[in-house]
Number of protein chains: 2
Amino acid sequence: MANFSPPANVKAFEERLLEVSENLPKRLRQCADYVAANKDRIAVSTVAEMAEGAGVQPSAFMRFCQILGFSGFSEMQRLFRETYVGGWPDYSTRLLHLREKPEGSPSALLGEFVEAGRASIESLLSTVDPVALNEGANLLVAAGMIHIIGLGRSFSVATYVAYLFEKMEVPAVLHTSLGKLDNRHAIREGDALLAFTFAPYSAPTLELVEDVAARKIPIVAVTDSAIGPLAKFRPTTLLVSEIDFGAFRSPAATLCLATALAVIVGTAKSQRA
Amino acid sequence: MANFSPPANVKAFEERLLEVSENLPKRLRQCADYVAANKDRIAVSTVAEMAEGAGVQPSAFMRFCQILGFSGFSEMQRLFRETYVGGWPDYSTRLLHLREKPEGSPSALLGEFVEAGRASIESLLSTVDPVALNEGANLLVAAGMIHIIGLGRSFSVATYVAYLFEKMEVPAVLHTSLGKLDNRHAIREGDALLAFTFAPYSAPTLELVEDVAARKIPIVAVTDSAIGPLAKFRPTTLLVSEIDFGAFRSPAATLCLATALAVIVGTAKSQRA
DNA sequence: AGCAAAATAGAATATATGTTCCAAATCTGC
DNA sequence: GCAGATTTGGAACATATATTCTATTTTGCT
């Protein structure tokens with residue numbers, strides 16, 4: 001009856017839909033029309049809802065799915081749910097895969113990190129709120145001096161941002177707690193703080209943020225959770241979710257975001273001058 | 001126990017999440033964290049999937065929904081299903097979209113960096129020689145102490161590798177030339193040097209490599225050219241080509257490679273012990 | 001118009017999924 | 001270190017949802 005291989009992606013799905021919809025009986029054509037106009041609903045609706053939308057019985061919609069090559073509605077829905085959540089479909093299973101054979105060849109391991117990095121970076125586009133990015137950039141552009149903090153895992157990102165600002169001649173200092181000195185009094189009115197912190201959030205960073213927040217100095221936070229310990233200070237928040245690989249994650253996405261932010265600020269500053 | 005009016009929109013949901021997440025027991029906090037980082041999944045996942053993602057039992061996730069003010073998961077899911085119909089994070093089209101937007105808008109710029117980062121990372125698989133990766137890893141595993149150097153643009157990567165080695169309890173030191181001190185005599189027989197350097201190659205790094213090479217200490221180099229200034233010392237070379245965007249590049253790919261290398265070495269060392 | 005084939009509606013059934021409950025484990029204040 | 005309160009895991013239960021089946025209607029053909 002139906003073609004036996006179900007479409008593997010949305011593109012194939014659309015082709016099949018087009019190909020099939022030429023000569024279809026009345027009710028099934030209604031299904032095709034409704035689906036074509038409401039592809040985005042497939043992921044979040046039940047058969048009953050789709051059928052009602054198309055003005056047919058659930059059973060008719062069912063047959064429609066089968067004609068498209070799926071075993072049923074569930075299989076069709078799975079396709080859309082997976083593409084909806086984007087680049088990282090069941091990453092946890094792959095992770096398990098590695099745990100089972102920790103002696104994977106080095107290049108296989110590299111491959112895993114490549115995959116994790118790629119997915120993390122792509123997810124930036126959905127986790128970073130464009131409005132917040134804009135706002136954060138403006139705060140930093142307006143600042144007399146940008147103070148950068150990031151310790152532990154975030155230290156490398158902080159150093160890179162400091163490097164970029166220096167190259168672009170943007171006044172910025174990197175706060176390290178080298179020698180347990182925190183130069184919190186170097187942060188003055190008119191400055192801004194750019195903080196990087198991820199779980200487990202390092203205490204000195206949190207303390208500095210708290211201190212600075214109390215003085216009403218603007219804070220831009222790059223972090224991994226909207227409800228993390230920074231949240232109560234209501235900073236401008238840029239969210240990153242790094243995909244971990246085993247216990248490890250490379251801060252590739254964070255770095256990517258940080259670079260973009262630095263360049264945005266740098267070019268804006270130079271245009272103001 | 002729970003607030004009785006369920007959040008009516010995503011904004012209210014986020015506020016409630018924040019408000020509630022202050023003092024939450026362990027499992028419920030896991031739920032909060034996972035939800036905060038994966039709001040988009042709520043619409044298309046089952047409780048079981050969400051619970052697994054958060055690393056808790058379905059029943060725990062259930063209670064979490066109720067604490068948020070919903071009658072259960074279904075009611076919470078309904079909120080997201082209704083609001084997310086239409087929005088579709090199809091990354092490739094979204095990227096195109098960003099490109100079309102007026103140039104220089106912050107999120108367009110982020111889009112560019114995302115694209116550059118993704119491409120750089122993917123290219124790793126072809127630029128990094130698996131044999132060299134293996135060899136490099138072996139050299140570092142065999143070393144008594146790993147000395148890490150990377151200055152300027154490479155400093156952030158060097159710090160991250162140092163961080164990872166420390167976490168994995170692998171003996172390693174980061175050479176910073178802080179205060180113009182180069183601790184070259186700390187590098188002794190049986191040790192190895194891991195050097196990161198990219199054009200323009202910083203002088204102190206080259207000097208250190210030269211000194212170390214003369215003493216026949218093994219060197220693993222992560223760099224951008226097989227014929228760069230390091231080539232004459234015949235180190236084990238791992239090649240990275242970062243795609244630049246304008247005058248800027250994020251070292252996302254280098255970081256990815258460095259992380260993979262560190263993890264390979266770390267796991268191999270722990271298995272030997 | 002009359003017959004065979006295809007299509008459909010609706011009920012019946014199977015399955016997946018959400019939800020609740022309670023005993024066991026853990027935490028907290030004394 | 002104990003008693004009470006809180007939190008948790010897992011199984012039992014309820015419900016929603018997908019899927020199939022069959023009698024009935026519609027369609028297409030001669």
Side-chain angles (χ1 to χ4, degrees), chain A residues 1-4 6-7 13 17 20-35 38-39 41-82 84-85 90 92, chain B residues 1-4 6-7 13 17 20-35 38 41-82 85:
Chain A
M1 166 216 286
N3 195 321
F4 274 141
F13 174 87
L17 184 59
V20 132
S21 66
E22 297 295 332
N23 37 3
L24 230 43
K26 192 173 162 208
R27 293 281 116 107
L28 297 184
R29 163 155 285 275
Q30 284 174 245
C31 293
D33 290 345
Y34 183 74
V35 163
N38 299 279
K39 278 197 284 289
R41 296 202 174 186
I42 298 172
V44 297
S45 301
T46 65
V47 238
E49 286 165 352
M50 292 300 289
E52 192 191 334
V56 305
Q57 289 284 341
S59 56
F61 198 87
M62 213 61 223
R63 270 177 298 128
F64 171 72
C65 296
Q66 287 163 353
I67 283 172
L68 248 33
F70 298 100
S71 70
F73 176 69
S74 296
E75 191 175 311
M76 176 167 127
Q77 188 175 53
R78 184 156 49 245
L79 169 66
F80 283 85
R81 289 192 166 174
E82 276 166 10
Y84 179 87
V85 290
D90 73 337
S92 50
Chain B
M1 163 212 284
N3 195 321
F4 275 139
F13 175 87
L17 184 58
V20 132
S21 66
E22 296 294 333
N23 37 1
L24 228 45
K26 191 172 161 214
R27 291 283 115 105
L28 297 184
R29 162 153 286 276
Q30 282 173 246
C31 293
D33 289 344
Y34 183 74
V35 162
N38 299 279
R41 289 196 170 198
I42 298 172
V44 296
S45 300
T46 64
V47 240
E49 286 165 351
M50 292 301 290
E52 193 191 333
V56 305
Q57 287 284 57
S59 56
F61 198 87
M62 213 60 223
R63 269 176 295 130
F64 171 72
C65 296
Q66 288 163 351
I67 283 172
L68 248 34
F70 298 100
S71 70
F73 176 70
S74 296
E75 191 174 311
M76 175 167 128
Q77 189 175 53
R78 185 154 49 244
L79 170 65
F80 283 85
R81 287 193 166 173
E82 278 163 9
V85 169

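Labels below follow one simple rule: chain letters A, B, ... track the order of the sequence lines, proteins then strands, and each chain is numbered from 1. Keep in mind that the numbers below use all heavy atoms, side chains included, and drop hydrogens, waters and symmetry copies.
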Check: According to a strict under-4.0 Å criterion, is B:Q57 in side-chain N/O contact with OP1 or OP2 of D:dT8?
Finding: no

Check: What integer distance in Å separates B:L24:CG from D:dT6:P?
Finding: 15 Å

Next item on the list: Determine, using ring centers only, whether A:F61 and A:Y34 are less than 6.0 Å apart.
Entry: no

Notebook entry, point to check: Donor-acceptor pair, B:Q77 side chain versus B:S45 backbone, under 3.5 Å?
Noted result: yes

Notebook entry, point to check: Expressed in angstrom and rounded to an integer, what is the separation of B:F64 atom CZ from D:dT8 atom P?
Noted result: 12 Å

Note to self: For B:F70 and B:F13, take the angle between the two ring planes, folded into 0 to 90°, and tell me which bin it lands in: parallel under 30, tilted 30 to 60, perpendicular over 60.
What the structure shows: tilted

Note to self: Can you confirm whether B:E49 is buried at CD, in the sense that more than 12 heavy atoms of other residues, nucleotides or ligands lie under 6.0 Å from that atom?
What the structure shows: yes

Check: So, the side chain of B:R27 versus the backbone of B:V56: is there a donor-acceptor pair under 3.5 Å, distance only?
Finding: no

Next item on the list: For B:R29 and D:dT8, give me the distance from atom CZ to atom P, rounded to whole Å.
Entry: 12 Å

Next item on the list: Report, as a single string ordered 5' to 3', how protein heavy atoms within less than 4.0 Å touch nucleotides 16-30 of chain C: B base, S sugar-phosphate only, - not at all.
Entry: -SSSB----------

Item checked: Interatomic distance where CD belongs to B:E52 and C1' belongs to D:dG10 [whole Å] -> 16 Å

Item checked: Any donor-acceptor pair under 3.5 Å from A:E82 side chain to A:L79 backbone -> no

Check: What pair of heavy atoms forms the shortest contact from B:A32 to B:L24, and how long is it?
Finding: CB-CD2, 4.1 Å

Item checked: Helix axis bend for the helix from C:dA1-D:dT30 to C:dC30-D:dG1 - C1'-based end axes, five pairs, 10° rounding -> 40°

Checklist line | Nearest heavy atoms of A:A48 and A:P58, plus distance in Å | finding: CA-CG, 4.5 Å

Next item on the list: Determine, for nucleotides 22-30 of chain D in 5'-to-3' order, which nucleotides have protein heavy atoms under 4.0 Å from the base (write B), from only the sugar-phosphate (write S), or from neither (write -).
Entry: ---------

Margin query: Working to the nearest 0.5 angstrom, can you tell me the gap between B:Q66 CD and B:M76 CE?
Written below: 11.5 Å

Notebook entry, point to check: Hey, are the side chains of A:F64 and A:V47 touching, using non-hydrogen atoms and a 4.5 Å cut-off?
Noted result: no

Check: Given A:V35, which of A:Q30, A:M50, A:R41 fulfils the side-chain contact (heavy atoms from CB on, under 4.5 Å) condition?
Finding: A:M50

